[in-house]
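Since the structure comes first, as structure tokens, the remarks are kept for the end.
In listed order, ligands and their atoms are each counted from 1. Because only heavy atoms are used, hydrogens play no part in the values below, and waters and symmetry mates are left out as well, while side chains stay in.
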Amino acid sequence: MGITEQTIVEQFPFWRAALVPRGRLPAAPVTVFVGCGTSYNLALSLAAAANGAGIAAIAVPAREWLDRPTAYWPRWQEASVVALSRSGETTETVAAAAASRAAGIHVTGITCAEGSSLAAESDRVVHAETHPLEGIVMTSSASLMLLMGLQIIGVTVGEDVVAAAEAALAATNTAADALIAGRSHFVYLGGGALYGVALEGALKLLEMSQTYAQAFHPLEYRHGPISLLDERTVAIMLYGDARPDDEAVLVGEMQAKGALVLGFGGPGDVSVPLGVAPALAGLAALPALQLLGERVAGAKGLDTVQPRHLTKVVMLASA
Ligand SMILES: O=P(O)(O)OC[C@H]1O[C@](O)(CO)[C@@H](O)[C@@H]1O
């Protein structure tokens with residue numbers, strides 16, 4: 001087993017260690033979740049989950065919040081900001097936190113680096129230890145930041161979701177090689193809080209395996225992107241609780257056009273039950289999506305420890 005795979009399959013003890021009381025977010029007219037890359041995908045998922053929990057929220061890429069906050073929220077100084085960064089050193093995220101604070105905004109930093117620059121720029125730090133072998137590709141830390149984000153918006157995260165994620169990972173591991181054999185086009189579908197998780201699944205696959213992957217809201221897929229679908233496609237459907245029947249119809253259409261479907265929480269050529277509350281479905285599915293990226297990379301003979309063009313922390317001189 002390679003090092004990246006180790007950080008995926010050995011992440012659950014770190015989840016269990018993170019199951020501690022976290023307190024809640026401060027009240028504000030809007031909570032703005034910011035981050036870059038994976039951390040922005042998590043921000044998208046958390047903003048949707050926060051709205052579902054009655055906390056008005058949006059997600060904004062850190063650089064956008066830094067450069068043009070009024071494009072996202074006209075009275076931006078009224079916001080509370082939650083900045084996500086594994087390293088706590090990504091230039092745009094640290095700068096967005098610092099600029100927010102300078103404007104009198106309360107900043108909560110979610111990170112796996114307690115002594116980081118982001119921690120220094122945060123009014124409150126929410127932290128968890130991640131797998132020590134984690135490298136460039138964010139695996140265990142991404143799951144942990146999603147977990148911590150859910151905790152601070154008031155979603156109860158317990159042992160049941162850890163067990164569900166372990167089971168989903170094992171089921172995906174069993175099915176993955178047969179599912180991806182000869183397939184080169186990967187589509188991730190999820191709505192609401194599952195959209196950010198779908199984006200993150202696609203980003204993982206893309207980073208690890210240098211394979212083009214896209215994510216869409218499920219029913220959006222029929223409005224154009226479906227034209228690319230053929231017998232080279234694997235579709236990953238993250239079933240939601242709002243319209244699972246429509247999503248199952250879409251899956252049937254995709255299968256009829258040649259796709260193989262990995263369905264989380266619903267039907268597919270491979271069906272992986274999640275068995276958790278809707279607010280926890282994305283967290284339960286995330287390690288399995290990480291593993292899928294590793295499997296596709298493996299099938300292409302690629303090393304996921306040193307993915308092309310990527311570094312662990314992306315710094316920028318000008319931010
Ligand atoms: O969470 P951090 O440390 O700010 O890092 C985010 C980074 O992670 C990635 O998503 C993957 O390495 C990059 O796109 C991005 O620069």
| message | I'd like to know if E129 pairs up with R86 as an ion pair, taking the criterion as any Lys NZ or Arg NE/NH1/NH2 lying under 4.0 Å from an Asp or Glu carboxylate oxygen. | response | no

| task | Mark up the atoms of ligand 1 that fall under 4.0 Å of a heavy atom belonging to G37, in ascending order. | result | 10 (O), 14 (O)

| Within-shell test, E207 vs ligand 1, heavy atom, strictly < 4.0 Å | yes

| query | What is the minimum heavy-atom distance between A79 and I105, and which atoms define it? | reply | O-CG2, 3.3 Å

| Nearest-neighbour protein heavy atom for atom 10 (O) of ligand 1, which is reported as residue plus atom name and distance | T38 N, 2.6 Å

| task | Give a yes or no on whether the ring-centroid distance for H131 and F14 is below 6.0 angstrom. | result | yes

| query | Is the shortest distance from a heavy atom of L310 to ligand 1 less than 4.0 Å? | reply | no

| query | What residue and heavy atom of the protein are closest to atom 16 (O) of ligand 1, and at what distance? | reply | V314 CG2, 3.3 Å

| field | Derivation of the salt bridge (charged side-chain N to carboxylate O under 4.0 Å, His left out) call for K257 and E231 | value | CA-CA 7 Å; K257 291 177 171 54; E231 65 291 336; over 6 Å; no

| query | Hey, looking at atom 7 (C) of ligand 1, which of C36, A83, A62 has the closest heavy atom? | reply | C36

| request: Do me a favour and list the nearest non-hydrogen protein atom to atom 8 (O) of ligand 1 with residue, atom name and distance? | output: M138 SD, 3.3 Å

| In terms of side-chain heavy atoms, does T304 have a donor or acceptor partner in T4 at a distance below 3.5 Å? | yes

| Are the charged groups of E200 and K204 less than 4.0 angstrom apart, N to O? | yes

| field | Numbered atoms of ligand 1 (with element) below 4.0 Å of R86, judged on heavy atoms | value | 1 (O), 2 (P), 3 (O)

| Basic-acidic side-chain contact under 4.0 Å: D123, R101 | yes

| Where is the nearest protein heavy atom to atom 5 (O) of ligand 1: which residue, which atom, and how far? | T90 OG1, 3.4 Å

| remark: Note: ligand 1 atoms sitting under 4.0 Å from heavy atoms of I136 are 12 (O)

| said: Could you check whether atom CD of E114 has more than 12 heavy atoms from other residues, nucleotides or ligands sitting under 6.0 Å from it? | reply: no

| Does the N or O separation between S39 and ligand 1 drop below 3.5 Å for any pair? | yes

| query | Has R243 got more than 12 heavy atoms of other residues, nucleotides or ligands less than 6.0 Å from its CZ? | reply | no

| remark: Within 4.0 Å of some non-hydrogen atom of S85, the atoms of ligand 1 are 1 (O), 2 (P), 3 (O), 4 (O)

| For atom 3 (O) of ligand 1, closest protein heavy-atom neighbour | S87 OG, 2.7 Å

